**Student:** 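Just passing along the structure, written as structure tokens.
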Amino acid sequence: MRFATLALAALLLAACVPRPAHAASGDASYIGEVFMMATSFCPTGSVEANGATVAAASNPSLYALLGTTYGGTSTNFKLPNIKPQGSSALAAEVGGGSGGAMGATSIIWFRKGLRIHDNPALLAAAQGADHLCPLFILDPWFLQPDKIGVNRVQFLLESLADLDASFRARGSRLLVLRGKPQEVLPPVFKEWGVTRLCFESDTEPYAKQRDAAVRQLAEAAGVEVHSSVSHTLYDPQLLLARNGGKPPLTMQAFTKLADAVGPPPAPAADPPEKLPPLAPQAASLDAAASGVPSLADIGYPPAGTTPFKGGETAALARMADYLSDKDWVCAFEKPKGNPALFLRPATTVLSPYLKFGCLSPRLFHAKLQQIYSERSGKHTQPPVSLRGQLLWREFFTLCGSAVPNFDRMEGNPICRQIPWADDPARIQAWEESRTGYPWIDAIMAQLRRQGWMHHLARHSVACFLTRGDLWCSWEAGQAVFDKYLIDADWSLNAANWQWLSASAFFSQYFRVYSPISFGKQYDKNGDYIRHFLPALKDMPAKYIYEPWTAPLSVQQAAGCIIGKDYPRPIVDHAVVHKENMAKMKAAYDAGKAAAGAAAGAGGAAAGSAAAAAAGGDGASSSGSKAGAKPAKRARKS
DNA sequence: ACAACGTTGGAGCT
DNA sequence: AGCTCCAACGTTGT
């Protein structure tokens with residue numbers, strides 16, 4: 001029997017408090033969910049989502065979940081009012097579908113979530129299915145060599161090969177088709193006799209639009225669609241609703257929100273040892289045309305240069321490796337890591353596995369909590385702890401899902417409008433390790449070669465490109481990172497670039513990373529630079545962060561003439577970072593003036609450009625006493 | 001109004 | 001390694 005047909009649905013809100021055996025997960029933190037029923041009544045333990053007002057005391061668990069998101073007071077709350085979409089057209093299509101007694105054929109459609117552990121969409125697809133077709137579609141959108149580099153694509157193909165091996169061990173295999181999903185899927189639905197399509201929900205703009213289109217096509221073909229949240233610890237939509245429809249904009253506000261919602265769900269159960277076979281029509285596909293391709297097959301160079309290997313197997317091994325040192329796990333503090341370590345990085349390098357979903361954040365979270373609990377509270381805390389890093393990911397994913405134009409300055413309501421210069425030559429020099437600052441150029445070399453750099457190294461180069469030195473738009477840097485990083489994640493990349501350029505989240509633009517002294521603190525001898533910039537490998541440590549200051553005789557002895565074998569500095573940091581600070585100050589002031597003008601105009605948007613141009617401190621009524629020194633701020637001990 | 005604080009700054013001093 | 005000052009942002013809490 002089919003479930004959740006839209007046509008008959010009376011939409012209900014499940015108010016069931018900890019269900020004893022929640023969908024094979026044994027999850028003690030489960031509170032409830034909104035779901036549709038193909039009936040006109042609600043099952044036991046649930047209430048109809050009809051907008052009714054409920055006393056908080058009568059259902060504290062549901063109140064904890066919903067709060068007054070849909071209205072109410074401190075003593076009562078309102079349920080969402082979700083109307084059945086009773087459409088006879090849908091009813092007819094569902095009735096005419098190929099489901100019913102014929103036997104169920106499911107597709108588990110992989111996009112991210114390239115794993116079999118903690119994969120609720122896979123479990124939903126396998127549930128009661130006679131045939132299960134594991135499918136990945138190579139979307140040309142993600143295979144543009146000029147925009148997406150070989151390392152991340154290699155990582156993806158390795159992840160697919162690993163997934164394929166997991167399915168083969170369970171009597172199946174992964175089918176890899178090529179094309180736009182909106183075009184590939186409809187004929188597949190028909191030819192394979194598909195009755196159910198399951199996938200992991202994805203909050204990126206491209207994915208949202210793609211999935212909405214596919215959902216429509218599936219429903220038109222009588223295919224039941226099931227999506228589940230498993231890319232993040234929390235459901236971003238739920239968090240957003242709990243926060244009144246607006247994303248939190250500080251980590252503290254986010255952490256509070258997450259705490260109020262409670263612990264995230266536990267990982268789902270592992271899939272059975274034996275999975276249903278492919279649909280006959282799928283099984284008869286040519287193996288070469290429906291298997292994992294090589295890089296060359298899809299228009300890429302034959303091999304990448306990253307040392308990091310994709311796949312669930314590698315992800316679990318890497319997690320186990322880093323988690324085996326429990327002292328290290330409990331003492332982890334992000335800002336204290338050494339960005340210059342490259343043989344064994346100072347952080348876990350689990351980010352690419354989380355990006356592709358080779359590793360479940362819920363599994364990683366559960367493992368961390370297990371280790372923390374063994375230490376009875378003796379461990380670091382968010383935002384700097386290892387668990388805190390997962391929360392940053394949640395925070396930025398939530399912002400990315402809720403802020404319009406999150407990957408751009410224009411039309412992005414949380415992004416400061418800053419008049420960056422358009423200077424392709426500077427951007428290219430930065431991308432290609434030709435800034436003349438070895439610390440910066442080495443980091444960019446590591447990016448191009450490995451597809452990964454330490455977090456603080458990313459900060460250094462991002463600050464340098466934008467507000468620190470080159471005064472180029474963060475969007476340009478974002479595109480370069482998106483091209484080369486194996487862990488490039490749309491939301492996280494946009495959020496971090498806004499952070500580092502002091503465009504959003506972070507405002508202390510007077511804190512500028514020095515391209516000379518920052519790296520020196522960690523790596524006095526410059527081993528990191530020598531490794532990634534061979535031209536400088538014999539430069540004495542005294543000069544390696546500022547080789548242009550080395551006497552010519554030293555340059556000759558090192559076999560590296562500045563201006564010939566390695567470039568001169570593209571800008572003078574000591575000069576430009578001060579100039580840029582002043583430009584930031586002006587941009588901030590203009591933004592404040594524009595906001596003040598907009599508010600003064602009764603919310604009308606008109607006139608903001610004029611206000612920005614005026615640039616004066618008309619909006620400032622502070623009248624601060626000149627010369628009066630502010631009270632010294634007590635340092636925290 | 002004002003102080004404290006914010007995952008990760010730098011320089012110069014002891 | 002730790003302190004102070006630099007010149008000074010927005011948010012949050014009192």
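Hydrogens, waters and symmetry mates play no part in the numbers below; they use all other heavy atoms, side chains included. Order of the sequence lines sets the chain letters (A, B, ...), proteins ahead of strands, with each chain counted from 1. Predicted, not measured: the structure shown is a model, and the values here were computed from it.
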**Student:** When the distance from CZ of R511(A) to C1' of dG6(B) is rounded to whole Å, what number comes out?
**Tutor:** 8 Å
**Student:** Answer yes or no: is there an ion pair linking D259(A) with K256(A), defined by an N-O contact shorter than 4.0 Å?
**Tutor:** no
**Student:** Measure centre to centre between the rings of F532(A) and F342(A), then say whether the value is under 6.0 Å.
**Tutor:** yes
**Student:** Using the P atom as the reference point in each nucleotide, state the distance between dG6(B) and dA7(C) in Å, no decimals.
**Tutor:** 23 Å
**Student:** Does K520(A) place a side-chain N or O at less than 4.0 Å from the phosphate oxygens OP1/OP2 of dG10(B)?
**Tutor:**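 Result: no.
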**Student:** Please give, in whole Å, the distance from dT7(B) C1' to L456(A) CG?
**Tutor:** 10 Å
**Student:** Just the rounded figure in Å: distance from P of dG6(B) to CZ of F505(A).
**Tutor:** 18 Å
**Student:** Ring pair (Phe, Tyr, Trp, His ring centres under 6.0 Å) between Y437(A) and W548(A): does it pass, once the steps are laid out?
**Tutor:** CA-CA 9 Å; Y437(A) 285 93; W548(A) 62 92; 5.3 Å; yes
**Student:** Please report the distance, rounded to the nearest Å, between OH in Y522(A) and P in dT8(B).
**Tutor:**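 Value for this atom pair: 12 Å.
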**Student:** With a non-hydrogen cut-off below 4.0 angstrom, is F518(A) in contact with a base, only sugar-phosphate, or nothing?
**Tutor:**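 The residue F518(A) makes sugar-phosphate contact but no base contact.
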**Student:** Check every atom of dA11(B), dG10(C), dT8(B) against the side chain of P335(A) and return the nucleotide holding the closest atom.
**Tutor:**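 Output: dT8(B).
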**Student:** dG13(C) phosphate, OP1 or OP2: any side-chain N/O from K256(A) under 4.0 angstrom?
**Tutor:** yes
**Student:** In whole Å, what separates the C1' atom of dA8(C) from that of dA4(B)?
**Tutor:** 15 Å
**Student:** Between F308(A) and Y353(A), is the ring centre distance below 6.0 Å?
**Tutor:**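 For F308(A) and Y353(A), the ring centres are not under 6.0 Å apart.
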**Student:** In whole angstrom, what separates L257(A)'s CG from dT12(C)'s C1'?
**Tutor:**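 Taking atom C1' of dT12(C) as the reference, CG of L257(A) is at 17 Å.
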**Student:** Hey, does Q381(A) reach any base, or is it just sugar-phosphate, or nothing, if we go heavy atoms under 4.0 Å?
**Tutor:** nothing
**Student:** Indicate, with a heavy-atom threshold strictly under 4.0 Å, whether R416(A) touches base, sugar-phosphate, or nothing.
**Tutor:** sugar-phosphate
**Student:** Without decimals, in angstroms, what is the distance between F464(A) CZ and dG10(B) P?
**Tutor:** 14 Å
**Student:** Under a 3.5 Å cut-off for both contacts, is dG12(B) paired Watson-Crick or G-U wobble with anything, and if yes, with which nucleotide?
**Tutor:**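 dC3(C) is the nucleotide pairing with dG12(B).
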**Student:** Between dT7(B) and dA1(C), how many Å separate the two P atoms, rounded to a whole number?
**Tutor:**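 It comes out at 26 Å once rounded to the nearest Å.
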**Student:** Write down the distance between CD1 (I418(A)) and C1' (dC9(C)), rounded to a whole number of angstrom.
**Tutor:**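 My rounded result for the distance is 12 Å.
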**Student:** Across the strands shown, which category fits M581(A) at heavy-atom distances under 4.0 angstrom: base, sugar-phosphate, nothing?
**Tutor:**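 Touches nothing.
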**Student:** Compare the ring of W392(A) with the six-membered ring in the base of dT7(B) and state whether they stack (centres under 5.5 Å, planes under 30°).
**Tutor:** yes
**Student:** Of the nucleotides dT7(B), dG9(B), dA11(B), which has the atom closest to the Y513(A) side chain?
**Tutor:** dG9(B)
**Student:** At 4.0 Å (heavy atoms only), tell me whether E333(A) reaches a base, stays on the sugar-phosphate, or touches nothing.
**Tutor:**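 The answer is nothing, as E333(A) stays clear of every strand by at least 4.0 Å.
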**Student:** Between the side chains of R375(A) and D327(A), is the shortest nitrogen-to-carboxylate-oxygen separation below 4.0 Å, so that they form an ion pair?
**Tutor:**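 Salt bridge flag = yes for R375(A) with D327(A).
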**Student:** With a non-hydrogen cut-off below 4.0 angstrom, is V384(A) in contact with a base, only sugar-phosphate, or nothing?
**Tutor:** base
**Student:** On the nucleotide dC5(B), are OP1 or OP2 found under 4.0 Å from the side-chain N or O atoms that Q508(A) carries?
**Tutor:** no
**Student:** Counting just side-chain N and O atoms, does T250(A) come under 4.0 Å of either OP1 or OP2 of dG10(C)?
**Tutor:**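 So the side chain of T250(A) is outside the cut-off, no N or O lying under 4.0 Å from OP1 or OP2 of dG10(C).
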**Student:** From CD of Q521(A) over to C1' of dA11(B), roughly how many Å is that when rounded to an integer?
**Tutor:**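 Taking atom C1' of dA11(B) as the reference, CD of Q521(A) is at 11 Å.
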**Student:** Do any side-chain nitrogens or oxygens of K585(A) fall under 4.0 Å of OP1 or OP2 in dC9(C)?
**Tutor:** yes
**Student:** Quick one: sort the F481(A) and W430(A) rings into parallel, tilted or perpendicular, breaks at 30° and 60°.
**Tutor:**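 Plane angle under 30°, so parallel.
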